[in-house]
Trainee: 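The following block contains the structure, expressed as structure tokens.
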Amino acid sequence: PPVLLRLFSWMLPIGVMILFWVWMMRRMGGGHGVMAFGKSKYKLHGENDVITRFVDVAGVDEAKTELVEVVDYLKNPGRYGKLGARIPKGVLLVGPPGTGKTLLARAVAGEAHVPFFTLSGADFVELFVGVGASRVRDLFEQAQKNAPCIVFIDELDALGKARGGPGGMGGNDEREQTLNQLLVQMDGFDPATGVVILAATNRPEFLDAALLRAGRFDRQVLVDRPDRAGRQAILEVHAAKVQLAPDVDLDQVAARTPGFVGADLANLLNEAALLAARRDAEQVSSADLELAIDRIVAGLEKKNRLINPHEKRVVAYHEAGHAVVSSCVQGADPVQKVSIVPRGLGALGITWHAPTEDRYLMTVSELQGKIAVLLGGRAAELVFFGEASTGAANDLARATEAARAMVVEYGMSELLGPVRLRPERRAFLPGMEGYERGEYGDRVADQIDTEVRRLVDEALERARRLLLERRDRVERLAELLLEQETVSGDEVRRLVCDEAAPRAAESAPATSPLAG
Ligand code: ADP
Ligand code: MG
Ligand code: ZN
């Protein structure tokens, strides 16, 4: 009947509009009004059966050993609670991009068979004020309901940037609120519930100090670039997924890829497989791998991350120089590890020292020894290559600083005597705030410079002499470094020290024209 038809054609659009409106409200927050939309738009659900295991992550054994404890705790939180042992609430994974931090966090969840809640730092920082903070609250609520479980905050630096810095516009406030909420939540929850918070960052220096305080991310795990053995292990993990020809030698591939991280190596095998597929081959040959390496190396070189073989030699001898000098001078901290794994733009190699004890006092000869160790790298360059390189800039800065402190702060120079020599503090002009008259004039300033220079010169000469006398040992250590990229402190001592004495003594004691 026409009446019904007329009525229907009039009501249908209205009905559609009502349905549409209800649907909109649902999306925006289940009818609680506009203010609730931050909460419901973002549904967090934990991933329940993570299949990643520790065997999928290779070449980062030190990080894994630290995380085994977390897995054990998640498996039986009760036992730890009974003993009163306090497991760290937060563990921060620190390392360059692509080294497997995200992978490790998943592996912890997989090994412990617990749900895995993940959010990236960037997810918190939203356009709408207050959304980030409410997400943090949601995240912790959800996690506590699902304990034991893991909460993983990826790219924490996006959220945890130090407060009070020169901020952007407006968005900074929002991030600060979110960060504060995170701090409040981390303090508020009881670790006995079995929630462990993992976070990852590749820029720990940007993190707000409050995040690193006890009871928050108080444990930091370094996920470093892999050395040669580590790269081989990673290649083996990923090689399981591709058909490799029998002539492929993964050890050789590892040797050719210094500076590659796990993600680069995974990418390498994938590229090689693509090349093989393009030429219709059954298996990935070593020629495919060579070509893929060349491609990726070219890409990385653009990013300035790889060093050429000659540079690598210089770095190896430089680091060997530090290590050998430090095992010969009295009072130097023992070498823990020497490494020439390239790590970004700054440091090319590194020699780690384990401090023997907390030091409050250092004697003149120990300070001289320290300066000699700092200059050991430069000395080795001079001895073995006949010329200096730019690789020692940071060493020189630290050596000079130490020598200057000996003269002006500790009164260890005979020429200037046991006095403190405060330099002039320049603000802008004399008379302005912050300006402090120096305690000495130009003549003394010249003397200070001469003394500093003398201390540094002597230390360099001493390091050179030590290395010249131990040429063969430095060479042995440097060659070992070139082969393995990292050498442990024990190996260094085995190579460098005389069998009889645990620490090789210097042939002649350094003359000490210093008062002390
Ligand atoms: P990050 O979070 O440190 O930037 P990811 O964990 O996201 O690095 O790593 C990216 C990919 O690279 C991983 O999915 C994995 O395929 C590979 N990868 C990285 N590191 C490793 C490693 N140590 N062992 C095995 N594979 C790795
Ligand atoms: Mg990651
Ligand atoms: Zn150095």
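As the structure lists them, so they are numbered: ligands from 1, and atoms in each ligand from 1.
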Trainee: Mind checking whether N202 has a heavy atom under 4.0 Å from ligand 1?
Mentor: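 No, N202 has no heavy atom closer than 4.0 Å to ligand 1.
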Trainee: For the Zn ion (ligand 3), decide whether D395 has an N, O or S atom at a distance under 2.8 Å.
Mentor: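 So D395 does bind the Zn ion (ligand 3) by this criterion.
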Trainee: In the protein, what heavy atom is nearest to atom 10 (C) of ligand 1, and what distance, to one decimal place, separates them?
Mentor: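 Looking only at protein heavy atoms, the one closest to atom 10 (C) of ligand 1 is A263 CB, 4.0 Å.
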Trainee: For H238 and N270, test the side chains for any donor-to-acceptor distance below 3.5 angstrom and give the result as yes or no.
Mentor: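 Note: H238 and N270 side chains miss the donor-acceptor criterion.
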Trainee: Return yes when R106 approaches ligand 1 closer than 4.0 angstrom through a heavy atom, no otherwise.
Mentor: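 Distance cut 4.0 Å: R106 fails for ligand 1.
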Trainee: Could you list which atoms of ligand 1 come closer than 4.0 Å to a heavy atom of P97?
Mentor: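 Matching atoms, with element in brackets: 4 (O).
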Trainee: Any heavy atom of A58 closer to ligand 1 than 4.0 angstrom?
Mentor: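 Heavy atoms of A58 do come under 4.0 Å of ligand 1.
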Trainee: Nearest protein heavy-atom contact for atom 26 (N) of ligand 1: which residue, which atom, what distance?
Mentor: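 Checked against all protein heavy atoms, atom 26 (N) of ligand 1 sits closest to H238 NE2, 2.8 Å.
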Trainee: Just heavy atoms, cut-off under 4.0 Å: does L103 contact ligand 1 by side chain, backbone, both, or neither?
Mentor: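 Within the 4.0 Å criterion, L103 contacts ligand 1 through backbone and side-chain atoms alike.
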Trainee: Tell me, which N, O or S atom in H318 is closest to the Zn ion (ligand 3)?
Mentor: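 Closest N, O or S atom of H318 to the Zn ion (ligand 3): NE2.
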Trainee: Tell me, which protein residue and heavy-atom name are nearest atom 18 (N) of ligand 1, and how many Å apart are they?
Mentor: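 Looking only at protein heavy atoms, the one closest to atom 18 (N) of ligand 1 is G262 C, 3.6 Å.
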Trainee: Distance-only check: which donor-acceptor pairs under 3.5 Å involve side-chain atoms of residues 103-117, not counting sequence neighbours?
Mentor:
residue, atom, partner, partner atom, Å
R106, NH2, E47, OE1, 3.3
R106, NH2, E47, OE2, 2.5
E111, OE2, F54, N, 2.9

Trainee: Name the closest protein heavy atom to atom 5 (P) of ligand 1, giving the residue it belongs to and the distance to 0.1 Å.
Mentor: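 The answer is G100 CA, 3.9 Å.
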Trainee: Touching ligand 1 at all, V237? Heavy atoms, strictly under 4.0 Å?
Mentor: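 For ligand 1, residue contact (heavy atoms, under 4.0 Å) with V237 is absent.
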Trainee: CG of D49: more than 12 outside heavy atoms within 6.0 angstrom?
Mentor: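 At most 12 heavy atoms, drawn from other residues, nucleotides or ligands, come within 6.0 Å of this atom.
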Trainee: Return the closest protein heavy atom for atom 2 (O) of ligand 1 as residue, atom name and distance.
Mentor: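 Looking only at protein heavy atoms, the one closest to atom 2 (O) of ligand 1 is T102 OG1, 2.6 Å.
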Trainee: Would D154 and K101 pass as an ion pair if we require N to O under 4.0 Å?
Mentor: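 No salt bridge links D154 with K101.
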Trainee: If you measure from each non-hydrogen atom of D56 to ligand 1, which part falls under 4.0 Å: side chain, backbone, both or neither?
Mentor: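 Backbone only.
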Trainee: Does E155 use its side chain to pair, donor to acceptor, with the backbone of D157 at less than 3.5 Å?
Mentor: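 No, E155 side chain to D157 backbone: no donor-acceptor pair under 3.5 Å.
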Trainee: Does the residue A200 have a heavy-atom contact with ligand 1, meaning some pair of atoms that are separated by less than 4.0 Å?
Mentor: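 Contact absent.
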Trainee: For the CG atom of D264 and the CZ atom of R231, what is their distance to the nearest 0.5 Å?
Mentor: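 Here the rounded value is 10.5 Å.
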Trainee: Does any N/O atom on G98 come nearer than 3.5 Å to any N/O atom on ligand 1?
Mentor: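 Such a contact does occur with ligand 1.
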Trainee: So is R135 actually on top of F140's ring, under 6.0 Å and inside 45° of the axis?
Mentor: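 Negative - R135 is either too far from the ring of F140 or too far off its axis.
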Trainee: I'd like to check the side chain to side chain contact (heavy atoms under 4.5 Å, CB included) partners of Y410; sequence neighbours left out, ordered by chain and number.
Mentor: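 Per chain and number, Y410 pairs via side chain to side chain contact (heavy atoms under 4.5 Å, CB included) with L367, A405, M412.
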Trainee: Using side chain to side chain contact (heavy atoms under 4.5 Å, CB included) as the criterion, point out the one residue from R216, Q220, R219 that pairs with L92.
Mentor: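 The single option meeting the side chain to side chain contact (heavy atoms under 4.5 Å, CB included) with L92 is Q220.
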Trainee: Any donor and acceptor pair, going by atom type alone, linking the side chain of R53 with main-chain N or O of V50 inside 3.5 Å?
Mentor: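 Looks like yes, one N/O pair under 3.5 Å.
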